[in-house]
There are 2 protein chains.
Amino acid sequence: MKAEIVEILKNSQLHITENRLKILEVLQKNAHALSHADIEKLTGKLFDRITIYRTLQTFVEKGIVHIIPTSDNSIMYALCKEECSAGHHHDDHVHFICSSCGTTYCLDQVSVPAVQIPKGFSAHDTNVVINGVCKNCR
Amino acid sequence: MKAEIVEILKNSQLHITENRLKILEVLQKNAHALSHADIEKLTGKLFDRITIYRTLQTFVEKGIVHIIPTSDNSIMYALCKEECSAGHHHDDHVHFICSSCGTTYCLDQVSVPAVQIPKGFSAHDTNVVINGVCKNCR
DNA sequence: GTAACTGCAAAATATTTGCATCCTT
DNA sequence: AAGGATGCAAATATTTTGCAGTTAC
């Protein structure tokens, strides 16, 4: 498990540091996506908020994590699957945000449906976020 | 046209003020969605930023405008169609963000496809945002 | 007249940048 | 050793809150 995380960093040609290992660890442990604030808490404030900003930014650039935008203007981060590469995210799954507990799920099993778009537009990537109530909150 | 805007406010039992008329006017004039900063510029800085915050918040609550979350953590605002009511948005259309010019389009003609979600989850509302290149930028 | 709305001030929060130091390779 | 990564300080931007004055109804 830890070895797996190390592999991820190596593949992206990033230095292996305590900070990055820890952040990847909490992302991996939690099935759902985390906000910057969540990560700050879960890492036990071992690191600077600023370092977390920079680390997450690096991860997004390298295709290690992906972002899920939510309607309340907070960004959620989640680990990408193998298909992602630097600069090219293929989040072909649907996201689900529970309005009761606030948890953001990556529904890996559910793939994004094809959407017809108007002539002249070309799609690069499609984002589906569903709001509702999750299985734990009913 | 102006009368139409006045109607919108009346229907939501909001006072008709210069501020609100102006903000609705710029939202109506622009076919695409606007950020807070856009609105601030387009209203010619006639009003306080704070008033704009509060006005937009009120509009969202009343179902007059809807929010489109973007991956870069900025919120875009756009006028709702008639189907929306207070507390209940029915944005059953797809949004498109051009990565070249940054314009956010409401693709009113394109409706959101049905998405199968796992057992135990219940969907309340589905959000589809497509990133790509728009017809003006190719 | 009354409740809703606005503007100003100030506080709280979030994010970015520069630079010196430290660590991974 | 060299370049990447981190932490601290500080600058900047964003959003929220309280309150007094103003305005629409």
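Please read these numbers as outputs of a predicted model, since none were measured by experiment. Letters A, B, ... mirror the listed sequences (proteins, then strands); counts begin at 1.
- For B:His36, the listed nucleotide lying nearest its side chain is D:dT15; candidates were D:dT15, C:dT6, C:dA9.
- Between B:Tyr105 and A:Phe121, the distance separating the two ring centers is shorter than 6.0 angstrom.
- Comparing D:dG7, C:dG7, C:dT24 by their closest approach to the side chain of A:Asp48 singles out D:dG7.
- Taking atom CD of residue A:Gln57 and atom C1' of nucleotide D:dG4, one finds them 15 Å apart after rounding to whole Å.
- Separating the CD atom in B:Gln57 from the CD1 atom in B:Ile52 is a distance of 13.5 Å, to the nearest 0.5 Å.
- Here the side chain of B:Tyr53 is nearest to one of D:dC25, D:dG4, D:dT14, namely D:dT14.
- Regarding A:Leu21, its CG atom lies at a distance of 10 Å from the P atom of C:dT24, rounded to whole Å.
- Distance from the side chain of A:Arg49 is smallest to C:dT15 among C:dT6, C:dC8, C:dT15.
- The 5' end of DNA chain C is approached more closely, in terms of each residue's nearest nucleotide, by B:Asn19 than by the other of B:Ile50 and B:Asn19.
- Taking the six-membered ring for Trp and the full ring otherwise, the centers of A:His95 and A:His32 sit at least 6.0 Å from each other.
- Each of A:Phe47 and B:Lys10 was assigned the nucleotide of DNA chain D with the nearest heavy atom; the assignment lying further toward the 5' end belongs to A:Phe47.
- Mapping A:Thr58 and B:Glu18 onto DNA chain D via the closest heavy atom, the residue that lands nearer the 5' end is A:Thr58.
- Residue contacts for B:Leu14: at a heavy-atom cut-off of 4.0 Å it reaches the sugar-phosphate backbone alone, with no base atom in range.
- Side-chain N/O atoms of A:Arg54 and base N/O atoms of D:dG7 include a donor-acceptor pair closer than 3.5 Å.
- In this structure, A:Ile52 places its CD1 atom 13 Å from P of C:dA14, rounding to the nearest Å.
- One interatomic measurement links the two molecules: OH of A:Tyr77 to P of C:dT15, which rounds to 7 Å at whole-angstrom precision.
- Rounded to an integer number of Å, the gap from CD1 of B:Ile75 to C1' of C:dA14 is 14 Å.
- For the pair A:Thr17 and C:dT24, the criterion of a side-chain N or O lying under 4.0 Å from OP1 or OP2 is not met.
- The interatomic distance linking A:Leu46 (CG) with D:dT6 (P) rounds to 13 Å, in whole Å.
- Between the CD atom of A:Glu61 and the P atom of D:dG4 there is a distance of 13 Å, given to the nearest Å.
- Atom CD of A:Gln13 is surrounded by 12 or fewer heavy atoms from other residues, nucleotides or ligands within 6.0 Å.
- Atom CZ in B:Phe59 sits about 13 Å away from atom C1' in C:dT6, given to the nearest Å.
- Residues A:Ile64 and A:Ile5 share a hydrophobic cluster, clusters being chains of Ile/Leu/Val/Met/Phe/Trp/Tyr side chains in contact below 4.5 Å.
- In this structure, B:Arg20 reaches the sugar-phosphate backbone alone: every heavy-atom distance under 4.0 Å involves primed, P, OP1 or OP2 atoms, never a base.
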